[in-house]
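Notes follow the structure.
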Amino acid sequence: MSLLLELGEENPFRIRAYQKAAQNIENLSEDLGSIYKSGGLTALENVPGIGKGIAEHIEELIKTGKLKSHDDLLKKFPKSLLELIAVPGIGPKTAILLHKKLKIDSIDKLEKAAKNGELEKLPGIRAKKIQNMLSGIAMKKRNIGRFSIGDALPYAEAIVKSLKKLKEVDKIVPCGSLRRAKETIGDIDILVTSKKPKKIMGAFIKLPHVERVLAKGETKSSVILKNGMQADVRVVEPKSFGAAVYYFTGSKQHNIQVREMAIKKGLKINEYGIYRGNKRIGGAEENDIFKALGLSYIPPEIREAQGEIEAAKKGNIPILVELKDIKGDLHIHTKATDGANTIEEMAAAAKKLGYGYLAITDHTKSTRVAGGLTEKEAMAHLKKIDLANKKISGIRVIRGMEVDILPDGKLDYPDSLLKEIDIVFASIHSHFKMGRSDMTKRIISAMKNRYVHVLSHPTGRLIGQREAYEVDLDAVLKAAKDTGTFVELNGNPIRLDLDDIHCRKAKELGILIAITTDSHSVTQLDLMRYGVLAARRGWLEKKDILNCFPYEKLIKMLALKRT
DNA sequence: GCCGTTTTCGGCCCGACTGTTTTCAGTCG
């Protein structure tokens, strides 16, 4: 609706109201349909950004599957016109112009018109703009999507490291969705403080990582990197560091909310500082902004306009879990199945990280591709874990297994064997394509087994590779609560499963989360950082995390479900 | 179209860069 209204050159605030509502709906942890089902129009209107008008639209959509005002707009502007706005460099104004004057309503027609010289007849469009449109189309066709945080973060850190060598650099910080640790990153935003911005700009666009320069100004430049990502660097003076980091970190919706709040208090916030009238009252430190607004500090990971500002007003911001709070890793594979290292090697590496324990959780017989262990092999393997535990000092090795959940919801080991295993992870590794209700029943049935401690990667998604299987996650979480089962947050950046939104939901239900790496080699133990970041996005604290408890306490907690 | 610790009406975040212009509109984040 928002895009279509934009094409209709509607009131910009009306356009933004739809945008805002859409964004809030997207971030809801509850399904909009169930909100309506339980509380009708009133419940819908309680969602921030949804008022009477949009609530009625939603009702119409739920009841009829259609929206008349949307259909009417589509009659005026063909759907394909929307793909033009999606091209970088083309906004609503240009799209309207192209449509009105040349009847262009698709990318294909635009490309033709660009090549046969028709575009140059249009007012305000000359060679450069046409060139930009064409490279925008090329970019879109290469499908520049979002990147996994696991790819983006190390790359950004490498760029920061290169730029840091310049003596003109004062401070340098990756900001944007990277600093908020979103699971996927659209582009890399880097903030630099310096008295000599021109030097920084010059060095940045000449970095070996740079493929193409999109824009270069005195204090701000954008490039496309060789890995296909876009990177933006912004330079401000050192005294504006706090305000600039804050502004550049976002999220956009969070920033808007905070600036609106500032206006009500007679203040103005921009990337240079915080002002009362013409007087600058702060901005060197990020905390200046929170202080001026009477808010407690909000960590970047939860700046998503999802209630954190209200919480900060009341001083209710959680103390988010940190990497140093993690006492051990509970999901680890070895050479016995598809891992690369031995039990002893994994234990030594875990000890180096300062952990007090680790659980060895190899695959069971049904996961044949991974060399899953038969019952007999599992017994021998458990003995090997015991042996390793005796040999190694300073860290405890826990006897675990990652057991398969069969299509009927049974596990692929009998209870008589499961009860010998001190930590049992239950996972779906086959039959991903089941229907939603069957899959939900399957998982819940596995959780009802008293020997199952942790539900592994609850949705099976592989970010950018494989969709989550169809499952009613709300029902699964409720069952986890009812059965006393823990839920995994698999920290491998390609999984991050459970996701942030449902971590928060799990916390509200009082379910403990196990943050793990699912390591298949010693180096993968370092992926814990991504798990912790994702947990922080889910508002999780130390007390919400199973593996933040010391060994003795952990063992007691694992025993609870079996008593 | 939404919203309210001044408001139920009158506001709605803020600034950089580009390309095309003779002072600014469009786009982006």
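Chain naming here is simple, since letters A, B, ... match the order of the sequence lines and numbering starts at 1 in each. Here the structure is a predicted model, which means the values were calculated and not measured.
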**Out of B/dG1, B/dT27, B/dG29, whichever nucleotide has its closest atom nearest the side chain of A/P92** = B/dT27

**Asked** Which one is paired to B/dC17, where only Watson-Crick or G-U wobble pairs with both distances under 3.5 angstrom count?
**Response** B/dG26

**Message:** Please tell me whether A/F147 and A/Y155 form a close aromatic pair, meaning their ring centres lie under 6.0 Å apart.
**Reply:** no

**Message:** Between B/dT23 and B/dG29, how far apart are the two P atoms, rounded to whole Å?
**Reply:** 29 Å

**Pair A/T249, A/R179: side-chain N/O donor-acceptor within cut-off below 3.5 Å** = yes

**Message:** Before we go on, tell me: are the rings of A/Y246 and A/H254 under 6.0 Å apart, centre to centre?
**Reply:** yes

**Message:** Counting neighbours of NZ on A/K171 that are heavy atoms of other residues, nucleotides or ligands and sit closer than 6.0 Å, is the number greater than 12?
**Reply:** yes

**Request:** Classify the nucleic acid contact of A/T94 as base, sugar-phosphate or nothing, counting any heavy atom under 4.0 Å across all strands shown.
**Result:** sugar-phosphate

**Prompt:** Taking protein heavy atoms under 4.0 Å as touching, what does nucleotides 13-19 of chain B look like 5' to 3' if B marks base contact, S marks sugar-phosphate-only contact and - marks none?
**Reply:** BBSSSSS

**Prompt:** If you take atom types as modelled and just measure distance, does the side chain of A/D187 reach the base of B/dG29 with a donor-acceptor pair under 3.5 Å?
**Reply:** no

**Request:** Identify whether any heavy atom of A/A127 sits under 4.0 Å from a base atom; if not, whether one sits that close to sugar-phosphate; answer base, sugar-phosphate or nothing.
**Result:** sugar-phosphate

**Asked** What heavy-atom pair brings A/I96 and A/E6 nearest, and what distance separates the two atoms?
**Response** CD1-O, 4.0 Å

**Message:** Mind checking if A/V235 touches a base, just sugar-phosphate, or nothing, with heavy atoms under 4.0 Å?
**Reply:** nothing

Review item, nucleotides 3-5 of chain B N/O atoms under 3.5 Å of protein N/O:
from, atom 1, to, atom 2, distance (Å)
B/dC3, OP1, A/G49, N, 2.8

**Message:** At 4.0 Å (heavy atoms only), tell me whether A/G89 reaches a base, stays on the sugar-phosphate, or touches nothing.
**Reply:** sugar-phosphate

**Item:** Shortest non-hydrogen contact from A/A305 toward A/S251
**Value:** N-OG, 4.4 Å

**Item:** Side-chain touch A/I511/A/K505, heavy atoms, less than 4.5 angstrom
**Value:** no

**Item:** Exercise: do A/D518 and A/N490 side chains pair donor with acceptor under 3.5 Å
**Value:** yes

**Base orientation of B/dT6, syn vs anti, 90° cut from 0** = anti

**Request:** Using the P atoms only, state how far B/dT21 lies from B/dA16, rounded to an integer number of Å.
**Result:** 24 Å

**Request:** Report yes if some heavy atom in the side chain of A/I25 is under 4.5 Å from a heavy atom in the side chain of A/I58; otherwise report no.
**Result:** yes

